[in-house]
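Read the structure below first, then the notes.
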Amino acid sequence: MLRKFPTIILVFAEGKDRKVIRTAREAAQLLLKEWPTDDGEEFLTAVRICLEVLTGESEPEKLHEAIVRAAYEAGIAAITLITALGFSGSIQSARPDS
């Protein structure tokens, strides 16, 4: 089963590389093979929740939130559309100042 959640667009390396994530499988691929760092509390939480979603133990929305937090931790801009509470809007997590 494709465990879908609201699309996340991640912008890497000063806007030169973008990745789109729509499913837990795409998230797993990105987290395990393409993420710029393999440490950090939010990164490890995202990996754990991704596994839980893939095995049916957690909801995709939790993974969506975890990826956005891990992106912020890694200095990656995350753009997503939220439709909760009957409204739509975009959120962009700003890159932390270096």
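Numbering of residues begins at 1 and proceeds along the displayed sequence.
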Candidate pair Ile76 and Val11, rule side chain to side chain contact (heavy atoms under 4.5 Å, CB included), full reasoning: CA-CA 6 Å; Ile76 300 166; Val11 183; 5.7 Å; no
I'd like to know if the side chain of Ser58 and the backbone of Ile49 have a donor-acceptor N/O pair within less than 3.5 Å. no
Nearest heavy-atom approach of Ala24 to Cys50 is O-SG, 3.5 Å
Just to verify, what does Glu65 make a salt bridge (Lys or Arg N to Asp or Glu O under 4.0 Å) with, not counting sequence neighbours? none
Could you pull out the closest heavy-atom pair between Phe12 and Pro36, with the gap in Å? CE2-CD, 3.7 Å
What's the separation between atom NE2 in His64 and atom CD in Glu59, rounded to the nearest 0.5 Å? 14.5 Å
Can you check side chain to side chain contact (heavy atoms under 4.5 Å, CB included) on Thr7 and Val20, steps first, answer last? CA-CA 7 Å; Thr7 300; Val20 177; 3.5 Å; yes
Pairs in or reaching into residues 34-45: which pass salt bridge (charged side-chain N to carboxylate O under 4.0 Å, His left out), with residues at least two apart or in two chains? Lys19-Glu34, Glu42-Arg69
Are Ile67 and Leu51 connected in a single hydrophobic cluster, I mean Ile/Leu/Val/Met/Phe/Trp/Tyr linked by side-chain heavy atoms less than 4.5 Å apart? no
Smallest heavy-atom separation, Ala74 atom then Thr37 atom, equals CB-CG2, 4.3 Å
Side chain to side chain contact (heavy atoms under 4.5 Å, CB included) between Thr80 and Ile9: does it pass, once the steps are laid out? CA-CA 6 Å; Thr80 184; Ile9 301 169; over 6 Å; no
Atom of Phe5, atom of Ile21 and distance for their closest heavy-atom approach: CZ-CG2, 3.5 Å
